[in-house]
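Structure first, then comments.
Along the sequence shown, residues are numbered consecutively beginning with 1. The structure displayed is predicted, hence computed values, not measured ones.
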Amino acid sequence: MSGTVIAFIIVFVLAVAFFVYSCYRRFGLVLKGRPDNRFNAIPRRFWNMLYYAFGQRRVVKKPFGINHFVLFWAFMILLVSNTEFLLNGLFPSLSFSNLPDGAYFTLALIFDIMSLLALLAVVLAVIRRLFFPPPYVEARSRDAFIILGLVAGLMIAFFGLNACEIAGGVDRAGAYMPVANLVAGWLPAGAAGLDTAANVLWWIHAVILLSFLNYLPYSKHMHVLTSIPNCFFKSLDKINTQGREEFKKGNTFGVGQVAQFPWKGLFDSYSCTECGRCSDNCPATFTGKSLQPRLVIHDIKMNLLETGKKDAKELPLIGGEGEGSVSEDVIWQCTTCGACMEVCPVFIEHVPRIVDMRRNLVEMKSKFPDELLTLFENMEQRSNPWGIAPAERTKWAADITVPSYEAGKTDYLFYVGCAGAFDARNRKTTLSLAKIFDKSGISWGTLGRDEMCCGDSVRRLGNEYVFDTMAQANVKMFKEKGVKKIITQCPHCFSTLKNDYKQYGVELEVVHHTELINQLIHDGKIKLNPAAELGNVVYHDSCYLGRYNGIFDAPREVISAATGQAPAEMARNRDKGFCCGAGGGRMWMEEKEGSLINVARVEEALKQNPDTVCVACPYCMTMFDDGLKDKEASEKVQVLDLAEIVAKALGD
């Protein structure tokens, strides 16, 4: 055994041992998290991993994502080359050069081309960071340039090593390695010293490769190790709800310490490469607030690493100062719109983590913005946000006859919702829907004053105890009255009844009015005469209808049928839609930092020169009405719910 081989064995063993130790320390911290079963449906998870991680489906949705796609696949293919390189260092007889010419030359060509592509991708990444950086300073971090430098060094050493061997006449694949062969052409063929140069470059390649391996666990590029399994462990269902808590004496609620997160939440923090897609699409970030989803995940990781040290100093997860602690203001700024999760290439779950921390503040510390105190009291005492007497729930129907829901006789329960029942503006939507139902001849009825709030806002705000009480009461009533099918006009009621209430043992067929009306039109149960006076109609996607539940086409088809033309689209629409600012309980809170989210959305709508903004959510209705007044455009532009547009097209 040569001295070179012995030296490399020592270096290799030390490097691998340190890498294993680093991974053991870091991934051992993940196991401190709460249990979370992500090992079911293995075939489906395996497919997700292939589709999203290896297919880079979400990465390539951004133009520069193509560069990452190239770098990723170059990395994967060169993993084969580098594995052979290391094995050859340990066992010199193991080499691809022992393969038949055809196989060896093919591999040589592939590795040469992929090394060039990787080097070009690194150069482009450096140029981008220097001259066209994303709008946050971490894009130019030392960490980023170290990794790019190591990858570039690997490629340069690869070309140099092979060029020396080709020029020295010891590699028969020279003609099949165009880049290395080109470099070899610059060297004096057969010259003395090529062997020495090749040896030096071999060691440079080896040291960079092993350094790269050991640097990963200590850098943000740990995602190289974690992003692929994170796609495997992604939620199999759309994340449109939060987990239920068990209210037993002695239990703690929410998350106030990092180890109280589920292990997947901790693994997420290792998988974030801080690409910034989440923050780019966050309405709070866009309007100048402190909340940046990527920084929340970064703080979770830093808190985990800091508190995981042997002699860890106390680092609060919530309310501390500096890196590793999430401020309370940030936690309350989230609208839970889900835009961050929709764009994350590795399926990090930002919203559940934020709601977890809200729960801790509300349920363990009774700390929440002052304006929420009245809301929580109203919800507990009168089951509606305004604290209005339940008897007024039927006031919207004072001038019409509304059927009561009767088990076995009524097909659909029309769940009016708090806004539809109490808010003067949204009562018009409710009346329009009643008109549409009657015209269509469907069997429908309401619960009248017995209807209670579904509890959406209190759950998103972290008041899980009140939500739990409300949900149990509603489910009990639904079962007693034999409710199976529900129509809602509010996407928040729709999503809560459809998705959250499953946790309480009830499977309801919940239909949003946009879907039902579209079906009634298709079935010929209502006939529409396009309402020409609406002018240019722009449609705004509700986050809880669209992004959370995938309903994008139905409202657009209804608008087309009711107006005779397809709606105009804002720049951000469908799954990329921009929140109105009212979700996640923000409807009941003041925006004290940055500009107003609803005004930002209204400004986007006004760019389409609309005569009418069409919404399908009572919260969006209120936020657009207020935003248009703020922009002094309410005299020119009207806001209508989809039901109101259809009711106009129905005639009398």
Side-chain angles (χ1 to χ4, degrees), residues 241 244 378-398 400-423 426-427 429-438 440-459 464-517 519-520 525 544 549 618 643:
T241 182
R244 190 176 174 183
N378 290 338
M379 288 292 199
E380 279 190 278
Q381 296 168 11
R382 296 203 160 182
S383 196
N384 70 79
W386 298 279
I388 300 173
E392 294 200 28
R393 275 194 181 271
T394 57
K395 200 170 180 179
W396 65 273
I400 63 172
T401 301
V402 173
S404 298
Y405 183 87
E406 295 183 61
K409 295 182 180 178
T410 311
D411 289 338
Y412 289 101
L413 167 66
F414 177 27
Y415 188 87
V416 181
C418 299
F422 295 119
D423 180 73
N426 280 292
R427 281 176 178 165
T429 301
T430 311
L431 286 167
S432 296
L433 273 172
K435 179 181 178 181
I436 294 167
F437 297 157
D438 286 339
S440 70
I442 65 169
S443 170
W444 67 285
T446 71
L447 297 173
R449 61 174 295 168
D450 291 337
E451 183 180 299
M452 295 181 286
C453 178
C454 68
D456 162 72
S457 288
V458 287
R459 181 164 237 200
E464 183 68 6
Y465 179 77
V466 172
F467 171 78
D468 188 80
T469 305
M470 298 171 78
Q472 290 194 52
N474 272 319
V475 168
K476 181 183 177 185
M477 180 168 62
F478 291 156
K479 288 182 176 178
E480 288 175 350
K481 292 183 177 294
V483 175
K484 302 290 184 184
K485 299 179 180 179
I486 296 178
I487 305 167
T488 71
Q489 67 193 76
C490 172
H492 298 270
C493 299
F494 170 73
S495 192
T496 303
L497 297 174
K498 180 180 178 182
N499 303 311
D500 295 74
Y501 277 29
K502 288 179 182 176
Q503 298 168 6
Y504 292 82
V506 62
E507 286 281 350
L508 300 165
E509 181 183 334
V510 190
V511 185
H512 189 257
H513 74 276
T514 53
E515 287 183 298
L516 179 69
I517 293 171
Q519 190 61 50
L520 294 175
K525 293 186 175 179
Y544 275 72
N549 290 286

Rounded distance (nearest 0.5 Å) linking atom NZ of K484 with atom CG of L508:
8.5 Å

Could you tell me whether a side-chain N or O of S443 sits under 3.5 Å from a main-chain N or O of D411, the two making a donor and an acceptor?
yes

Report the distance from atom CG of L413 to atom NZ of K481, rounding to the nearest 0.5 Å.
9.5 Å

With a 4.5 Å cut-off on side-chain heavy atoms, are K502 and R244 touching?
no

Sub-4.5 Å side-chain heavy-atom contact between D438 and I400
no

Calculate, to the nearest 0.5 Å, the distance between atoms CG and CD1 belonging to L520 and I442 respectively.
6.0 Å

Side chain to side chain contact (heavy atoms under 4.5 Å, CB included) for L447 and R393? Distances and angles first, verdict last.
CA-CA 10 Å; L447 297 173; R393 275 194 181 271; over 6 Å; no

Begin with the C-alpha distance, continue with both residues' side-chain angles, and end with the deciding distance and a verdict on side chain to side chain contact (heavy atoms under 4.5 Å, CB included) for T488 and V510.
CA-CA 7 Å; T488 71; V510 190; 4.0 Å; yes

Y415 side chain vs M452 backbone, donor-acceptor pair below 3.5 Å
yes

Taking atom CG of L516 and atom OG of S440, what is their separation to the nearest 0.5 Å?
7.0 Å

Below 4.5 Å, heavy atoms only, C-beta onward: do H512 and K498 meet side chain to side chain?
no

Heavy-atom pair with the smallest gap, counting every atom of C454 and L497:
CB-CD2, 4.2 Å

Do N549 and S495 have a side chain donor and acceptor closer than 3.5 Å?
yes

Taking all atoms of both residues into account, what is the closest heavy-atom pair of C418 and S383, and its distance?
SG-O, 3.9 Å

What closest approach, in Å, do P618 and A419 show between heavy atoms, and which atom pair accounts for it?
CB-CB, 3.5 Å

Below 4.5 Å, heavy atoms only, C-beta onward: do P385 and N378 meet side chain to side chain?
no

Close side-chain approach of E515 and F494, heavy atoms under 4.5 Å:
yes

Excluding sequence neighbours, so at least two apart, what forms ring pair (Phe, Tyr, Trp, His ring centres under 6.0 Å) with F437?
F414, W444

Looking only at atom types and distance, does a side-chain atom of R427 sit under 3.5 Å from a main-chain N or O of G420, one as donor and one as acceptor?
no

Is any side-chain heavy atom of L433 closer than 4.5 Å to a side-chain heavy atom of I487?
no

Closest heavy-atom contact between D500 and R459?
OD2-NH1, 2.7 Å

Note, V402 side chain near T394 side chain (heavy atom, < 4.5 Å):
no

When the side chains of residues 469-479 are checked against the rest of the protein, which donor-acceptor pairs come out under 3.5 Å, sequence neighbours left out?
unit_1	atom_1	unit_2	atom_2	d
T469	OG1	Y465	O	3.0
Q472	NE2	D468	OD2	2.6
N474	ND2	C453	O	2.9
N474	ND2	M470	O	3.4
N474	ND2	Y501	OH	3.1

Going by atom types only, do T430 and Q489 share a side-chain donor-acceptor pair under 3.5 Å?
yes

Under a 4.5 Å cut-off applied to non-hydrogen side-chain atoms, are F467 and T496 in contact?
yes

Taking all heavy atoms of D456 and all of Y544, pick out the closest pair and write down the distance.
OD1-CE2, 4.1 Å

